[in-house]
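Worksheet for the structure shown next.
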Amino acid sequence: MTRLSELLLPTERQPPADAEALSHKLMVRAGLIRQLGAGLWSWLPAGWKTHEKAVQIIREEMNAIGGQEMLMPVMLPRELWKRTGRDQIDELFTLEDRKGSELVLAMTHEEAVTTHVAQVVRSYRDLPLILYHFQTKERDEPRPRAGALRTREFIMKDSYSFDRDEEGLAASYEKHARAYDRIFDRTGLRWYSVESDVGMMGGSGAHEYMAPCAAGENEVALAPGYAANVEVASAEAQPVDLPAPLPTPERVHTPGATTVEDVVRSLHVPAGALLKAFPVVTEGRGLLLVLVRGDHRVNEIKLQNALGEPFRTAHEDEIRERIGPPGYIGPVGANCPIILDEAVADGGYVTGANDPDHHLRGVEPGRDFPFERADVRTVEAGDFVNGHPITIEPAIEIGNIFQLGTRYSEPLGATFLDENGKEQLVIMGSYGIGPARIVAAAIEQYADEQGISWPRALSPWDLEVIGIGKGDTPEKQAAAKLAADLQDAGFDVLLDDRDAGPGEKFADAELLGLPLRLTVGKRGLEAGSAEAKIRRGLVDVEDGVPLDSAAEAVRELWDTLP
RNA sequence: CGGGGCGUAGCUCAGCCUGGUAGAGCGCCGCGUUUGGGACGCGGAGGUCGCCGGUUCAAGUCCGGCCGCCCCGACCA
């Protein structure tokens, strides 16, 4: 049992002036976290309890799939990161020791864990392995924000799978996916798993676990049976009414109309009847002209994936020389390959004429210019997947799973001998979860006007007992006994034994947000019962709970709570 | 990295334009009254006004530099 009179729980009536996100405001107001610098936060006792609740759920489910918990250092020799090439990442903190030896602060632990596996694993008999730890990650984020949602230092559960082949990796990946399903279900969050970009981790497949909330930094496209990060989402575009076709492109005078909006206004056609030209340059293919519908946006991640290599936007002189005057460029007559987005249906479009102050109308892909097809646009709310319109929601990334392949085993020499005595590279996966984000997302999803409303799996204590009155009143004595009884019955109890007024106690209880609140007052004491209020929705339990058999009554009530 | 904003008591802020004894509310400490939704009275503690420099008889206030923090965007294994 924890007595509030002895607990460091600095609640604030007003949110910090610089807080924007709901979870940021409430975590500070409720006394869960305090800031020391940009992206640097301390967890106060109550906050740390919630963090550890999330950690324990994760630990249990990782152990259940055969994960072996260990611990690796935060400070690592830079040499390992040079081998994988990741020492050039901007977010990596670097330092030197007194001898001038180069060190880095781990932003993840692929290098460290793979080094151990390279040293220790010799035979196919040593595989498969799942290793994990909860350890601090350090990232020099360009912009930390929103309290605990994006910090420069945070604890992550990162696990790594080591298999002898792709089949083994698929099995380890699937184990993690199922463990993650159970973990996020147990937290009480609203969440979903989405397809994601593999990013600079490389590898062959990835999913992200997303918790929808207003403060989320990611956008997720959703339809029945479909969920994907907008970075990689594909959908069928909403149709657009095209003007009647023309036998051949027709030149029109459009003075000063260098943007889609200008052309729409000048020619009285819908934006979707335009083709927007996006000239890019890649190392392998040189200049390329990417075309998407005028009402669509190029998705740079999808474009990079479609090209199979990084690109940059073309410089003005490159555009002038090979295509036309910026503002009026189009595919007809362009001296470079053309990539046409899949959402561009057959028909006649308005494009730049590659001539100042002119456009062409009635331009038909194929008839008037050659092209390659690719899906390179950003999906929009209302597009269709399997006939259902999609919605787009902001969400916070709470976990991810990656198939890494040999991205790390190769540079770090993690190999084993197979049955034939032949040396093979270990096939890896990596899997992260941020407990702090789970906590913050739970606050974002369930908080109301009065404050936090914890799902019971994450609540710092199970329930709060309040004794009305100041000094040694009979109500407070009864409350203390009730709290002790419930603690003995296996509940983790917070007792508000402070000499404060009832209003202050209620307000603090609602701010802190434990799932259940029991109040012992004069009236209830005479009737032999404590009042019970469920935090979610602030619902009063009829007749409260009897003081002489509180444990059974609370147990019954507890099982009904969210 | 681009744009914007802020830094004065534990918290939220006023004071700066127009230089002249550092303020309010909440919180905190003491005493008393009060006791079912952040009560009231009286008394009190608490400040290198982010830092450095300049102008001035005099700087929280004007000028310059620096540092820190927040927001939007870019970025984000």
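A note on names: the letters A, B, ... follow the listed sequences, proteins ahead of strands, and every chain is numbered from 1.
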Tell me which nucleotide among [options] gets nearest to the side chain of [X].
X: D508(A); options: rG38(B), rC11(B), rG36(B); answer: rG38(B)
X: F506(A); options: rU35(B), rG36(B), rG10(B); answer: rG36(B)
X: E504(A); options: rA74(B), rG36(B), rG38(B); answer: rG38(B)
X: D18(A); options: rG37(B), rC71(B), rC70(B); answer: rC70(B)
X: A17(A); options: rC71(B), rC13(B), rC69(B); answer: rC13(B)
X: K470(A); options: rG38(B), rC69(B), rA39(B); answer: rA39(B)
X: A38(A); options: rC69(B), rG36(B), rG37(B); answer: rC69(B)
X: Q35(A); options: rG36(B), rC69(B), rA74(B); answer: rC69(B)
X: R145(A); options: rG36(B), rC11(B), rC72(B); answer: rC72(B)

Give [X] one of three labels, base, sugar-phosphate or nothing, depending on what nucleic acid heavy atoms sit under 4.0 Å from its own.
X: R498(A); answer: nothing
X: Q450(A); answer: nothing
X: R143(A); answer: base
X: E217(A); answer: nothing
X: G521(A); answer: base
X: A106(A); answer: nothing
X: G37(A); answer: sugar-phosphate
X: K533(A); answer: base
X: Q14(A); answer: base
X: K137(A); answer: nothing
X: P15(A); answer: sugar-phosphate

How close or far is atom [atom2] of [N] from atom [atom1] of [X], stated in whole angstroms?
X: D496(A); N: rG36(B); atom1: CG; atom2: P; result: 15 Å
X: D540(A); N: rG37(B); atom1: CG; atom2: C1'; result: 13 Å
X: E20(A); N: rG73(B); atom1: CD; atom2: C1'; result: 15 Å
X: R13(A); N: rU12(B); atom1: CZ; atom2: P; result: 14 Å

Worksheet item: Starting at the 5' end of RNA chain B and moving along, which residue's nearest nucleotide shows up first, N400(A) or G147(A)?
Response: G147(A)
Worksheet entry | Over 12 non-hydrogen atoms of neighbours within 6.0 angstrom of CE in M75(A) | no
Item to complete: Tell me whether the OP1 or OP2 atom of rC11(B) has a side-chain N or O from R29(A) closer than 4.0 Å.
Response: no
